[in-house]
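Take a look at the structure set out below.
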Number of protein chains: 2
Amino acid sequence: MVTAEPLVLIVDDETPIRRFLRLSLVGEGYRVVEAATAAEALERIVAQRPDVVILDLGLPDRDGLDLTREVREWSGVPIVVLSAREKENDKVAALEAGADDYLTKPFGIGELIARLRVALRHAALAEVPAGEAVFTTGDLKVDLVRRLVFVGEREVRLTPIEYRLLAVLVKHAGKVLTHRQLLHEVWGPEYGDENHYVRVYVAQLRRKLEVDSARPRYLRTEPGVGYRLTVG
Amino acid sequence: MVTAEPLVLIVDDETPIRRFLRLSLVGEGYRVVEAATAAEALERIVAQRPDVVILDLGLPDRDGLDLTREVREWSGVPIVVLSAREKENDKVAALEAGADDYLTKPFGIGELIARLRVALRHAALAEVPAGEAVFTTGDLKVDLVRRLVFVGEREVRLTPIEYRLLAVLVKHAGKVLTHRQLLHEVWGPEYGDENHYVRVYVAQLRRKLEVDSARPRYLRTEPGVGYRLTVG
DNA sequence: GGATGCCTTGACACTTCCTTGATGCCGAGC
DNA sequence: GCTCGGCATCAAGGAAGTGTCAAGGCATCC
């Protein structure tokens with residue numbers, strides 16, 4: 001959930017219900033993908049990595065609880081179950097299977113959205129410790145969570161563009177990134193081939209990060225291609 | 001949750017209900033403490049640090065939602081709300097106030113226990129012990145429970161907005177918060193991009209908290225991004 | 001109804017950053 | 001040895017972002 005709006009996967013075999021949910025959620029600012037079957041739901045979860053799943057238990061091809069258990073083997077994505085069954089045992093079974101919430105139909109859309117928000121809140125909390133995202137190579141240390149950069153013990157202050165450029169390089173550390181890729185990731189696709197920007201900022205980064213900027217250790221030039229951030 | 005069995009705080013003014021819940025929960029292996037009023041509940045939460053709270057909304061001395069909001073200022077302990085009110089608005093309001101779940105009476109004890117387990121699961125994942133209630137960095141001390149702020153020995157008086165702004169920064173201490181995030185957390189999402197508010201109040205906080213507000217030690221500016229509260 | 005404290009808003013000085021062009025370096029190819 | 005293209009560096013100016021002050025409005029409390 002690094003990016004803008006949370007992505008919700010709606011799993012329900014009835015088109016009108018999916019439609020209704022989609023409209024309501026999009027109106028609240030969420031992004032939405034849909035699945036009509038358990039098989040499709042699995043695909044979508046793997047491929048799109050939604051931030052939360054709304055799961056109707058009455059699927060045609062497979063038991064919803066089963067699906068929940070399988071997903072739980074490899075993913076912690078919050079699952080909010082919808083069901084017509086309101087017996088206590090059904091609720092308990094779903095929650096034990098790994099669901100995070102259970103609403104019985106008919107439910108109010110306001111309540112569903114409020115409970116989705118709770119689920120997202122939980123997911124966001126769980127994410128922080130997992131994302132101990134500190135990249136290290138040599139004396140260079142980049143803490144992507146706190147947005148801090150160190151060379152040895154010294155903290156280095158970077159401007160927004162310098163930091164974004166470094167962050168892109170860190171995310172693809174070891175790989176060569178073309179001037180074009182860097183330009184588009186940092187400045188935006190509308191900048192075309194104005195590679196001069198990249199050069200200027202790589203030079204600035206080197207001045208701030210490298211011991212000897214004439215002999216770069218971290219920010220290596222790949223002549224005719226682009227740049228690479230050394231790993232290890 | 002360092003020790004063996006999770007500790008549950010039951011907040012309800014009716015003795016028979018507390019008794020019933022206690023017996024059920026002890027039977028499931030939980031440890032239990034009780035509170036009959038909101039004031040008592042606050043004490044218990046501070047003193048005993050329960051792993052989860054069961055909160056009946058109909059308390060004699062104070063509105064339960066209010067209590068929830070106050071607790072949420074300094075603690076992430078899961079709160080499962082019980083209530084006779086089953087209108088959608090009541091549920092939404094409770095969940096927005098910071099509750100993690102909402103059950104309408106009458107409820108099955110099995111469902112309650114299943115939902116408690118879910119709440120504990122989430123708390124365990126979050127791992128962050130909800131942060132200490134007293135945050136300290138350098139000479140700055142922020143007591144989130146008593147809403148008190150000290151610089152060295154001197155108590156600093158803050159206005160409501162100043163305090164909320166500082167509290168948000170404390171909750172994410174060490175991380176950069178964008179102007180937008182701060183604006184939306186403190187003033188509300190409807191304020192869009194009116195970052196001027198944030199600037200004015202950061203300046204005021206600095207005047208009250210920093211020794212040399214031209215050279216801020218605690219409230220650091222991250223140009224082009226936002227602000228960060230220094231840790232350590 | 002006067003005093004007080006707080007929030008909002010605007011004006012303005014100040015700082016930092018981005019863009020841009022000029023210039024120099026280096027190696028490859030002729 | 002010369003030219004040329006890709007790369008590195010520098011610095012100036014304008015643009016954008018930031019810090020500060022203070023007045024006016026509103027509510028609250030004596």
Side-chain angles (χ1 to χ4, degrees), chain A residues 147 149 155-169 176-188 190-229, chain B residues 147 149 155-169 176-188 190-229:
Chain A
R147 199 187 182 277
V149 178
E155 181 186 343
V156 179
R157 298 202 38 192
L158 297 184
T159 72
I161 290 195
E162 286 164 6
Y163 182 82
R164 288 225 299 280
L165 179 58
L166 180 59
V168 172
L169 286 161
V176 183
L177 292 167
T178 65
H179 303 109
R180 215 184 149 72
Q181 279 179 302
L182 290 168
L183 186 64
H184 289 195
E185 286 270 335
V186 176
W187 279 265
E190 67 274 23
Y191 275 70
D193 292 305
E194 311 256 339
N195 298 335
H196 190 48
Y197 290 96
V198 180
R199 287 204 203 94
V200 170
Y201 272 84
V202 166
Q204 280 184 16
L205 272 181
R206 280 186 180 143
R207 194 152 43 82
K208 290 186 174 182
L209 303 180
E210 301 278 4
V211 181
D212 176 6
S213 75
R215 241 176 279 284
R217 185 175 161 198
Y218 308 122
L219 273 161
R220 295 279 257 283
T221 302
E222 299 290 332
V225 190
Y227 299 93
R228 176 217 313 274
L229 185 65
Chain B
R147 286 175 155 268
V149 179
E155 182 186 343
V156 179
R157 287 186 39 104
L158 297 183
T159 72
I161 289 196
E162 286 164 6
Y163 179 81
R164 288 228 299 283
L165 180 58
L166 181 59
V168 172
L169 285 162
V176 180
L177 292 170
T178 64
H179 304 108
R180 214 183 149 73
Q181 280 179 299
L182 290 168
L183 186 65
H184 289 194
E185 286 272 335
V186 177
W187 279 266
E190 67 274 21
Y191 275 69
D193 290 306
E194 309 259 336
N195 299 333
H196 192 48
Y197 290 95
V198 180
R199 269 186 242 119
V200 170
Y201 272 84
V202 166
Q204 281 183 15
L205 273 181
R206 280 190 180 138
R207 197 146 41 80
K208 291 186 175 181
L209 303 180
E210 301 277 4
V211 180
D212 176 7
S213 76
R215 241 175 262 285
R217 183 175 161 198
Y218 307 123
L219 272 161
R220 291 265 285 275
T221 300
E222 298 289 332
V225 190
Y227 298 93
R228 173 211 310 278
L229 185 65

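What you see is a predicted model, and the numbers here were worked out from it, not measured in a lab. In the text below, chain A, chain B and the rest are named by the order of the sequence lines, each starting its count at 1. What's counted below: heavy atoms across the whole structure, side chains too, no hydrogens, waters or symmetry copies.
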Calculate the interatomic distance between [X] atom [atom1] and [N] atom [atom2]; express it in whole Å.
X       : N       : atom1 : atom2 : value
K208(B) : dT20(D) : NZ    : P     : 15 Å
L183(B) : dC7(C)  : CG    : P     : 14 Å
I161(A) : dT16(C) : CD1   : C1'   : 13 Å
R220(B) : dT18(D) : CZ    : C1'   : 16 Å
E194(B) : dG17(D) : CD    : C1'   : 16 Å
R215(A) : dC25(C) : CZ    : P     : 16 Å
E210(B) : dG19(D) : CD    : C1'   : 13 Å
R157(A) : dT15(C) : CZ    : C1'   : 11 Å

### Task
May I ask you to verify if any side-chain N or O of W187(B) is less than 4.0 angstrom from the OP1 or OP2 atom of dT8(C)?
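Result: yes.
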
Determine: side-chain N/O of Y201(B) to OP1/OP2 of dC7(C), distance under 4.0 Å, yes or no. yes

Could you tell me whether the side chain of T221(A) reaches within less than 4.5 Å of the side chain of R206(A), counting heavy atoms only?
->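 R206(A) vs T221(A): side chains touch.
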
Discussion item. Counting C-beta onward and ignoring hydrogens, is there a side-chain heavy-atom pair between L158(A) and L205(A) closer than 4.5 Å?
Written reply: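 Side chain of L158(A) against side chain of L205(A), heavy atoms only: contact under 4.5 Å found.
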
### Side-chain donor/acceptor of R164(A) to backbone N/O of V186(A), under 3.5 Å
yes

Do E210(A) side-chain atoms and R217(A) backbone N/O form a donor-acceptor pair below 3.5 Å? yes

Where do Y197(A) and L182(A) land on the side chain to side chain contact (heavy atoms under 4.5 Å, CB included) test, with the steps shown first? CA-CA 10 Å; Y197(A) 290 96; L182(A) 290 168; over 6 Å; no

5' to 3', nucleotides 5-11 of chain D under a 4.0 Å protein heavy-atom cut-off (B base, S sugar-phosphate only, - none) gives --BSBB-

Contacts of R199(A) meeting side chain to side chain contact (heavy atoms under 4.5 Å, CB included) (sequence neighbours excluded), chain-then-number -> N195(A), H196(A), Y227(A)

Margin query: Restricting to side chain to side chain donor-acceptor pair (under 3.5 Å), what partner residues turn up for E222(A), sequence neighbours left out?
Written below: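 Side chain to side chain donor-acceptor pair (under 3.5 Å) check on E222(A) returns R228(A).
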
Ranking dC17(C), dT8(C), dC6(C) by distance to the side chain of T159(A), first place goes to dC17(C)

